[in-house]
Amino acid sequence: MNVMEMDNTYVAHSYGRFPICITNGKGSLLYDENGKEYIDFGTGIAVNSFGVSDDVWKEAVIEQINKVQHTSNLYYTEPCAKLAEMLCKRTGMKKVFFSNSGAEANECAIKAARRYAFLKYGDGHSTIITLKNSFHGRTITTLSATGQEHYHEEFTPFTEGFVYAEANDIEDVKKLAAENKCIAVMIEIVQGEGGVCPLDKEFVQAVRKFTEENDMLLIVDEVQTGNGRSGQLYAYMNYDVQPDIVSTAKGLAGGLPLGATMLGEKVKDVYTPGSHGSTFGGNPVCSAAAISVLKRIDDKLLEDVRKKSEYIFSELEGTEGVEQVTGMGLMIGVKCTKPAGDVVKACMDRGLLLLTAKDKVRLLPALNIDFEVLKKGVAILKETIAE
Ligand SMILES: *Cc1c(COP(=O)(O)O)cnc(C)c1O
């Protein structure tokens, strides 16, 4: 059996894979088993922040592997402590809980909000408002939090305690808060899986004001938007708000599994020994990788991300076959007259890897993608869309 046959036989069929087998790469270029080269505008879904097989990232990972790869959370390790300090200093948050994925980072955020409200107000104060068209993960609880009907089928019973507001409608948020004992509002600044749709700044600021006035927590899911992707370190920084809880994962460790839930002043002490945990969470290798990634996301890199973003917008907006370009930083959605799936397939044949999000083509290139490689990829995309 070749790799594809073996995979199709033995790996659970939860993914619709494209018929290419990636073997290696460098930076923003990937190669398949036949040696065909691809420009990578997907980065493993916003995970490989600095592309593939990056030298700086590899050095950080290998250095830590040579010391100790895992200890459990029974002992202290330097990478975990240092990473938490870095995250707090750069966000104004107070404490961090580490896990292994976006869904787990959100679980931790949800548990933190519930425990905060329980300790303060007692039983029954547990409802969290999330937004329609959101995506928060694949566990039973984060699927519950996800405001899209089609995720709510066939896996019942779901975790209770979520109600869904219309995005960009503060009156709907207020109405739901009046009808339920609400403790928090959970949002993505840019709804990624929902079609790369940025929320209105006025809406996010109104949610912040409303939650503050009503002792409700603002939870921002930065699993996809975080770690430089939006052109700021975290996307909420584009909107001049300070959340109570921020979850992130995907690009944080640049290709290793790491989730982080940052806890602000109000909830910083909500977890006490034994109240939450993770075997792998804060693993020293993943933490060392994340330290290396965060160090490189400085003002200069963020400015570069914004410049590359402007370039992509200016190339695609108003060109033939493009109906709309949405997003922020290097997280961009392109609504084409042609079906998104057809564009992605045609581009793949031409050596460009893209993603989709709902009815849009989605671009998530590496933060440090070479301008020349970016230009080449955008040209292939433009040409394909216009045909
Ligand atoms: C990808 C994603 C998740 C889930 O992350 P996993 O690591 O797959 O569990 C949650 N929220 C958002 C906004 C995401 O984009």
Side-chain angles (χ1 to χ4, degrees), residues 12 14-17 42-49 97-113 128-148 150-152 155 159 162 164 167 184-199 204 218-230 234-236 238-239 243 245-262 278-283 286 289-290 293 326-333 355-358 360 362-365:
S14 66
Y15 304 105
R17 299 200 206 277
T43 54
I45 318 186
V47 166
N48 299 328
S49 302
F97 179 88
F98 291 112
S99 54
N100 316 284
S101 66
E104 277 177 282
N106 285 335
E107 286 269 351
C108 171
I110 292 162
K111 283 178 79 173
I128 297 175
I129 300 173
T130 62
L131 298 184
K132 291 179 183 166
N133 198 44
S134 59
F135 180 80
H136 297 297
R138 298 284 192 163
T139 62
I140 291 287
T141 294
T142 55
L143 276 180
S144 251
T146 293
Q148 297 190 54
H150 74 98
Y151 285 109
H152 294 175
F155 294 106
T159 308
F162 294 95
Y164 314 101
V185 180
M186 181 166 172
I187 59 173
E188 299 154 88
I189 298 294
V190 183
Q191 295 187 323
E193 302 305 311
V196 200
C197 308
L199 296 179
V204 173
L218 175 61
I219 305 171
V220 179
D221 176 347
E222 296 251 14
V223 172
Q224 190 163 160
T225 53
N227 315 301
R229 179 77 26 210
S230 74
Y234 291 98
Y236 73 80
N238 293 292
Y239 282 11
I245 303 177
V246 177
S247 58
T248 191
K250 288 197 168 90
L252 177 59
L256 286 174
L258 181 64
T261 310
M262 297 177 241
S278 162
T279 298
F280 286 114
N283 168 286
C286 300
V293 166
T326 61
M328 205 185 269
L330 288 176
M331 179 173 174
I332 293 175
L355 304 164
T356 59
K358 285 262 173 88
K360 292 193 186 112
R362 178 169 40 156
L363 285 64
L364 296 165

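Along the sequence shown, residues carry numbers from 1. What you see is a predicted model; the values in this text were computed from it and never measured. Every number for a ligand or one of its atoms is a count from 1 in the order of the listing.
Here's the thing with K250: one of its N/O atoms is less than 3.5 angstrom from an N/O atom of ligand 1. Note: no N/O pair closer than 3.5 Å links E193 and ligand 1 by distance alone.
At a distance under 4.0 Å, no protein heavy atom can be found next to atom 8 (O) of ligand 1.
Taking every heavy atom of both residues into account, A103 and G137 meet most closely at CB-CA, 4.2 Å. The two residues C286 and P257 have their closest heavy-atom pair at SG-O, 3.2 Å.
Counting heavy atoms from C-beta on, the side chains of T326 and C197 never come closer than 4.5 Å. I45 is listed as a side-chain neighbour of L364, based on a closest heavy-atom distance under 4.5 Å.
You'll find the ring centres of H152 and Y164 inside the 6.0 Å limit.
Shortest contact from atom 4 (C) of ligand 1 to any protein heavy atom: A103 N, 3.8 Å. For atom 6 (P) of ligand 1, the nearest non-hydrogen atom of the protein is G102 N, 3.5 Å.
Selection from D221, L258, V223 by nearest heavy atom to atom 3 (C) of ligand 1 gives V223.
Under a 4.0 Å criterion applied to the non-hydrogen atoms of Q224, ligand 1 contributes the atoms 15 (O). Interface of S101 with ligand 1, defined as ligand atoms under 4.0 Å from a residue heavy atom, comprises 7 (O), 9 (O). Within ligand 1, counting atoms from 1 as listed, the ones closer than 4.0 Å to a heavy atom of N106 are 10 (C), 11 (N). Contact atoms of ligand 1 toward H136: 10 (C), 11 (N) (distance under 4.0 Å to a heavy atom of the residue).
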(request) Assess whether salt bridge (charged side-chain N to carboxylate O under 4.0 Å, His left out) is satisfied between E193 and R362, documenting all intermediate values. (result) CA-CA 9 Å; E193 302 305 311; R362 178 169 40 156; 2.9 Å; yes
(message) Applying side chain to side chain donor-acceptor pair (under 3.5 Å) to T142 and N106, what does each step give before you reach the verdict?
(response) CA-CA 7 Å; T142 55; N106 285 335; over 6 Å; no
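Only the side chain of E188 comes within 4.0 Å of ligand 1, judged by heavy-atom distances.
For the residue pair Q148 and K358, a side-chain donor N or O sits within less than 3.5 Å of a side-chain acceptor on the partner.
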